[in-house]
Amino acid sequence: VQLQASGGGLVKAGGSLRLSCTHSGRTLSSYHKAWFRQAPGKEREFVARISRGTGAAFYADSVKDRFTISRDIRASTFYLQMNSLKPEDTAVYYCAADMEWSLDPSKLKYWGQGTLVTVSS
């Protein structure tokens with residue numbers, strides 16, 4: 001499984017971006033799919049995930065009601081729509097997938113390379 005994240009960039013506070021994570025190789029239908037982020041000098045933190053099977057979505061409190069995770073099974077892609085962006089959302093965003101879910105990023109098997117999101121005030 002290979003994941004490729006894209007869509008990052010520079011945006012003003014209040015703006016929007018959509019991140020994409022395209023995967024190749026094995027289908028990810030039986031995998032939990034998630035987004036994490038890592039700000040400079042901070043640990044990698046959970047942002048959002050879609051559960052395998054049901055497709056139920058879960059969010060970190062800091063992004064709830066602003067970010068939406070979704071998937072396009074036919075396109076082998078999942079997304080993170082980010083609205084009402086704040087300067088504190090500035091980070092490198094990583095997509096991840098694994099058959100077993102964990103909030104501990106060290107326990108997730110597959111990762112994209114990261115895409116930088118910078119939100120200016």
Side-chain angles (χ1 to χ4, degrees):
V1 173
Q2 292 184 324
L3 302 179
Q4 179 78 29
S6 62
L10 174 64
V11 63
K12 291 183 179 180
S16 298
L17 281 174
R18 188 176 80 157
L19 306 183
S20 300
C21 184
T22 302
H23 53 86
S24 59
R26 187 177 304 173
T27 177
L28 289 189
S29 60
S30 57
Y31 286 67
H32 299 283
K33 295 171 276 290
W35 290 94
F36 285 73
R37 67 186 181 186
Q38 188 165 16
K42 295 188 176 181
E43 294 186 349
R44 194 168 298 190
E45 65 175 5
F46 166 73
V47 175
R49 75 170 171 108
I50 284 189
S51 290
R52 64 179 184 177
T54 66
F58 301 89
Y59 300 92
D61 288 343
S62 59
V63 306
K64 201 172 294 183
D65 299 325
R66 298 190 298 122
F67 291 10
T68 303
I69 189 171
S70 62
R71 62 185 178 180
D72 183 338
I73 294 174
R74 289 182 299 176
S76 299
T77 303
F78 60 102
Y79 306 95
L80 185 69
Q81 177 67 42
M82 306 185 295
N83 299 328
S84 302
L85 282 161
K86 305 175 181 180
E88 52 263 44
D89 294 317
T90 294
V92 177
Y93 284 70
Y94 298 89
C95 55
D98 203 315
M99 294 186 72
E100 297 298 324
W101 172 246
S102 175
L103 277 172
D104 180 351
S106 69
K107 290 181 166 56
L108 299 178
K109 188 172 184 179
Y110 300 108
W111 289 88
Q113 84 287 3
T115 184
L116 176 63
V117 172
T118 303
V119 184
S120 64
S121 57

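Count residues from 1 along the sequence.
Between Asp89 and Arg37 there is a salt bridge, since a side-chain N of the basic residue sits under 4.0 Å from a carboxylate O of the acidic one.
With sequence neighbours excluded, no residue forms a side chain to side chain donor-acceptor pair (under 3.5 Å) with Gln4. The side chain to side chain donor-acceptor pair (under 3.5 Å) test applied to Ser16 returns Asn83, not counting sequence neighbours. Every residue meeting the side-chain contact (heavy atoms from CB on, under 4.5 Å) condition with Asp104, not counting sequence neighbours, appears here in chain and number order: Ser102, Ser106, Lys107. Under the side chain to side chain donor-acceptor pair (under 3.5 Å) criterion, Lys12 pairs with no residue at all, not counting sequence neighbours. Remark: Val117 engages Leu17, Leu19, Met82, Tyr93, Val119 in a side-chain contact (heavy atoms from CB on, under 4.5 Å) (not counting sequence neighbours). Evaluation of the side-chain contact (heavy atoms from CB on, under 4.5 Å) rule for Thr77 yields Ser20, Thr22, Ala75, Tyr79 as partners, not counting sequence neighbours. For Phe46, the ring pair (Phe, Tyr, Trp, His ring centres under 6.0 Å) criterion is met by Phe36, Trp101, not counting sequence neighbours. In this structure, the side chain to side chain donor-acceptor pair (under 3.5 Å) partners of Gln38, at least two apart in sequence or on a different chain, are Arg44. The side-chain contact (heavy atoms from CB on, under 4.5 Å) check on Ser84 picks up Arg66, with sequence neighbours excluded.
Applying the disulfide (SG to SG under 2.5 Å) test to every pair with at least one member in residues 1-102, sequence neighbours left out, gives these pairs: Cys21-Cys95. Among residue pairs with one or both ends in residues 33-80, none qualify as disulfide (SG to SG under 2.5 Å); sequence neighbours excluded. Residue pairs that meet the ring-ring contact (aromatic ring centres under 6.0 Å, His included) test with at least one member in residues 50-74, sequence neighbours left out, do not exist here.
Taking all atoms of both residues into account, the shortest heavy-atom contact from Gly55 to Ile50 is CA-CG2, 3.6 Å. Scanning all heavy atoms of the two residues, the minimum distance from Ala97 to Leu3 falls at N-CD1, 3.9 Å. Here the closest heavy-atom approach between residue Ala48 and residue Leu80 is recorded as CB-CD1, 4.1 Å. Closest approach of Gly114 to Ala5, counting heavy atoms only: N-CB, 4.3 Å. In this structure, Leu108 and Ala96 approach most closely via the heavy-atom pair CD1-CB, 4.1 Å.
Rounded to the nearest 0.5 Å, atoms CD (Gln113) and OG1 (Thr115) are 7.0 Å apart. Rounding to the nearest 0.5 angstrom, the gap separating the CD atom in Gln2 from the OH atom in Tyr110 is 10.5 Å. Distance check, rounded to the nearest 0.5 Å: OG of Ser121 to CD of Glu88 gives 10.0 Å. His32 contributes atom NE2, which lies 14.5 Å from atom NZ of Lys109 (distance to the nearest 0.5 angstrom).
Looking at heavy atoms from C-beta onward, Lys42 lies out of side-chain contact with Pro40 at the 4.5 angstrom threshold.
Linking Ile, Leu, Val, Met, Phe, Trp and Tyr whenever their side-chain heavy atoms come within less than 4.5 Å leaves Tyr94 and Trp35 in two separate clusters.
Dense packing is recorded around CD of Glu45, with more than 12 heavy atoms of other residues, nucleotides or ligands lying under 6.0 Å away.
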The test is side chain to side chain contact (heavy atoms under 4.5 Å, CB included); show your working for Met99 and Ser30 and say whether it passes. CA-CA 6 Å; Met99 294 186 72; Ser30 57; 4.2 Å; yes
